[in-house]
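Below, chains carry the letters A, B, ... as their sequence lines are ordered, and counting in each starts from 1. The figures here come from the full heavy-atom set of this structure, side chains too, leaving out hydrogens, waters and symmetry mates.
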Protein chains: 2
Amino acid sequence: MPQSTFEPSEYERRIEETKARMREDELDALVVADPANMNYLSGYDGWSFYVHQAVVVTADRDEPVWVGRGQDANGARATTWLSEESIESYSDDHVHSPYDLHPMDYLADVLEALGVADGRIGLEMDAYYFTAKSYTRLQENLGEATFADATLLVNWVRVTKSERELDYMREAARISEEAMLAGLETIEEGVPESEAARAIYDALIRGTDDYGGDYPSIVPLMPSGDHTGTPHLTWTDREFERGDPVIIELSGCRHRYHSPLARTTYVGDPPAEMTERMEIVVEGLEAALDAAEPGVTCERVERAWRDVISKYDIEKEERIGYSMGLGYPPDWGEHTASLRPGDETVLEENMTFHMIPGLWFDDFGVELSETFRITSNGAEVLADFPRELFST
Amino acid sequence: MPQSTFEPSEYERRIEETKARMREDELDALVVADPANMNYLSGYDGWSFYVHQAVVVTADRDEPVWVGRGQDANGARATTWLSEESIESYSDDHVHSPYDLHPMDYLADVLEALGVADGRIGLEMDAYYFTAKSYTRLQENLGEATFADATLLVNWVRVTKSERELDYMREAARISEEAMLAGLETIEEGVPESEAARAIYDALIRGTDDYGGDYPSIVPLMPSGDHTGTPHLTWTDREFERGDPVIIELSGCRHRYHSPLARTTYVGDPPAEMTERMEIVVEGLEAALDAAEPGVTCERVERAWRDVISKYDIEKEERIGYSMGLGYPPDWGEHTASLRPGDETVLEENMTFHMIPGLWFDDFGVELSETFRITSNGAEVLADFPRELFST
């Protein structure tokens, strides 16, 4: 399975594009600590990002080097395309160590052995799991090195997707549809939020008749009732009540690729005002989707949304979408292009975004999202799910 | 619900103990970025740790200050015990910003306003989500400040649990038992790993008749077949085969408190050698549990395990357990005391550990774990689950 997730040629292309960007930044080495970037370059896939680990790319080596904990080296052998000499692991006394040992001490030794300890080394300064301590320990160990901030270097390589990546995102979209249906069918008056979370998880992991689902990088979120203004609270045992608006945001996942989807439902008969607001959201989303095509900037797509809502005298400052795909907790976003004012990224074919506009008012919010791909002349929405306000 | 998760007096005690440690370290302020530590001090509970956020404790203020993203401020109002003047949030253009804005710029302003910008400020240098960039941006913004590494300061306060915390861990243990049963009942020849993951998740979220379950900080892990030597790979669509050993590690979760549990099963009739190895693991685990009581060191507990396995000419270098409880992805461990050689932490009543010894050989591994509390004179195991090698 892991061997066939992507062809060797795809990894080769990813490494080549990474190296091209390294050359632009005059980097002799790149230390990749973001688990999604590690997976992207090496194929590594394990829940081991709670300890320090990295993939190191050097200018003169064809394969990157996986560096991680001893007990995860077999996981690297099982899931990466790397040969044995490209897998380096530290002993367990480096883990949450009482001995003043840090995994970055070991990583510094690996960089020494690779001959780049006195070179210019790119670090993902703002990546998840690359802590402040990781940086200061590398500084202490490598007095001759020059460090450069290479935070989104690999993320920008990830922005345009291959056919195989798009296949996985489409598979994830099928799962997202099933999970959304399960959530909408479960939510009603008197049902605990946890019951809905359970139904959604069941569909997320069951997947389709052809494949099961992976764990998503973000748990299903279901802000409800007074809490639709608190988008990131997770489920509790609270029971849904008549008159609750409920926003469901979730994503199926295949081989760590996502296709997020959000819809809003209402427990009971929705007030006319809410239905009208949802119609505005749908009109704005569709205008933004219509604006998306190669050559157009991200901010131009957002403006299409804002032009629609301003007709209704509504203003909104949040971004309405972001580039995404491959991910590990805590996020499926890539942190590169965003659909918002000031983002001049030019859209290219096979970029993928999650567009998630919403409108919040004093007592409720409505939200509706789509994941889409930029085609040669427009946008392909990955999921097929009605765009409306649902009710129970 | 959030209001009653803990009494105000419990938060007051936590803040007092944190401040006592801050005084020892002569800190004027402490920036807490670990989501579990943020929850511990403020009650904050949301899936928003994919953006930068923190809780700031200052020597002269009764309440800490929550600092996060604008759209999460309502979540802070809903889940924390803090008053309105202790909730500070940054605008959305700080998020994955193309404008050279960073959330730590805003945090620096908050520290200025709190009058500690020229003081000695403790940082969780090695905490999840406190990135290298977070550190360098604070340095750039606060030229007059002195920074100190306060990585585990709050974690060490968390080491002994209150009665209410223990209640939640016991509730989590009930869920762990249900989930383990569901996993063991589902695994058999021809069943995909994802099917077992689905059954386990169903039990984890269903919980008991009295309460549902929260999402665990680590997904259920089920290394199987050749992969029992790869402890952190997650489920795939591979079907279990006759002759597969399968290790299940999972945890129920209540109000973010965990009670992990691991067992090993075998698809088919287990070979005698494997049953014997499991008996050694159980003997070693029980010897270590017997050794655990107040006044004894962590390394002494581990030695009891090692004394048993050395009788059978087995050596093992990995630690066999760690302090745990409250947690967010990617980990439920506290990164403080570990059961391993060299850890001289002295056990106290109401410390809680996950002891997870295992033995790996060339072609299979066996593992069995318990979560336990140090009582006034011994150890209380939280789950009630048979200690044996299971088979299908």
Side-chain angles (χ1 to χ4, degrees), chain A residues 1 45-50 71-72 74-75 78-79 91-92 96 98-99 123 125-136 151 192 194 197-198 201-202 205-207 211-213 215 218-219 221 227 229-234 236-238 317-319 322 329-331 333 335 338 342-343, chain B residues 1 45-50 71-72 74-75 78-79 91-92 96 98-99 123 125-136 151 192 194 197-198 201-202 205-207 211-215 218-219 221 227 229-234 236-238 317-319 322 329-331 335 338 342-343:
Chain A
M1 186 282 314
D45 183 22
W47 188 288
S48 56
F49 39 90
Y50 68 93
Q71 63 176 242
D72 295 319
N74 278 338
T79 61
S91 57
D92 221 52
H96 312 142
Y99 321 106
L123 301 176
M125 294 291 286
D126 214 13
Y128 299 128
Y129 310 116
F130 189 72
T131 64
K133 184 82 146 199
S134 296
Y135 175 51
T136 59
T151 296
S194 56
R198 182 183 164 206
Y201 256 111
D202 190 63
I205 305 179
R206 184 180 65 237
Y211 47 83
Y215 63 90
I218 304 177
V219 294
L221 298 168
H227 283 180
T230 57
H232 300 121
L233 297 193
T234 51
T236 70
D237 288 340
R238 192 187 83 90
E317 68 153 320
E318 282 95 2
R319 64 174 182 174
Y322 49 84
D331 200 5
H335 304 181
S338 290
D343 193 319
Chain B
M1 184 282 314
D45 183 21
W47 189 289
S48 56
F49 38 90
Y50 68 93
Q71 62 176 244
D72 295 319
N74 279 337
T79 60
S91 55
D92 220 53
H96 312 141
Y99 321 106
L123 302 176
M125 294 291 285
D126 214 13
Y128 299 128
Y129 310 117
F130 189 72
T131 63
K133 183 83 148 198
S134 297
Y135 176 52
T136 58
T151 296
S194 56
R198 183 182 164 205
Y201 256 110
D202 191 64
I205 304 179
R206 184 180 65 236
Y211 48 83
D214 207 346
Y215 63 90
I218 304 177
V219 295
L221 297 169
H227 283 179
T230 57
H232 300 123
L233 297 193
T234 50
T236 69
D237 288 340
R238 191 187 82 91
E317 68 154 321
E318 281 95 4
R319 63 175 184 177
Y322 49 84
D331 201 5
H335 305 181
S338 289
D343 193 319

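Note: T234(A) leads T234(A), D343(A), T151(A) in heavy-atom pairs under 4.5 Å with chain B. Here G75(B) is the residue among G75(B), S134(B), P329(B) with the most heavy-atom pairs under 4.5 Å with chain A.
In this view, N74(A) and R77(A), T230(B) satisfy the side chain to side chain contact (heavy atoms under 4.5 Å, CB included) rule, not counting sequence neighbours. By the side chain to side chain contact (heavy atoms under 4.5 Å, CB included) test, Q71(B) pairs with P231(A), H232(A), E318(A), R69(B), D92(B), sequence neighbours left out.
If you measure heavy-atom distances from D202(B) to chain A, the contacts under 4.5 Å come from both the backbone and the side chain. Of the two parts of D126(A), the backbone and the side chain both hold a non-hydrogen atom closer than 4.5 Å to a non-hydrogen atom of chain B. Proximity to chain A (any heavy atom under 4.5 Å) is restricted, for Y201(B), to the side chain, taken from C-beta onward. Heavy atoms of L221(B) lying under 4.5 Å from chain A belong exclusively to its side chain.
Y128(B) places a side-chain N or O within donor-acceptor distance of the main-chain N or O of Y50(A), the cut-off being under 3.5 Å.
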task = Please report the C-alpha distance between D45(B) and L233(A) in whole Å, then the side-chain angles of each, then the deciding distance to 0.1 Å, and finally whether the side-chain contact (heavy atoms from CB on, under 4.5 Å) criterion is met.
result = CA-CA 7 Å; D45(B) 183 21; L233(A) 297 193; 5.8 Å; no
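Taken from NE2 in H96(A) to NE2 in H335(B), the straight-line distance is 3.5 Å, to the nearest 0.5 Å.
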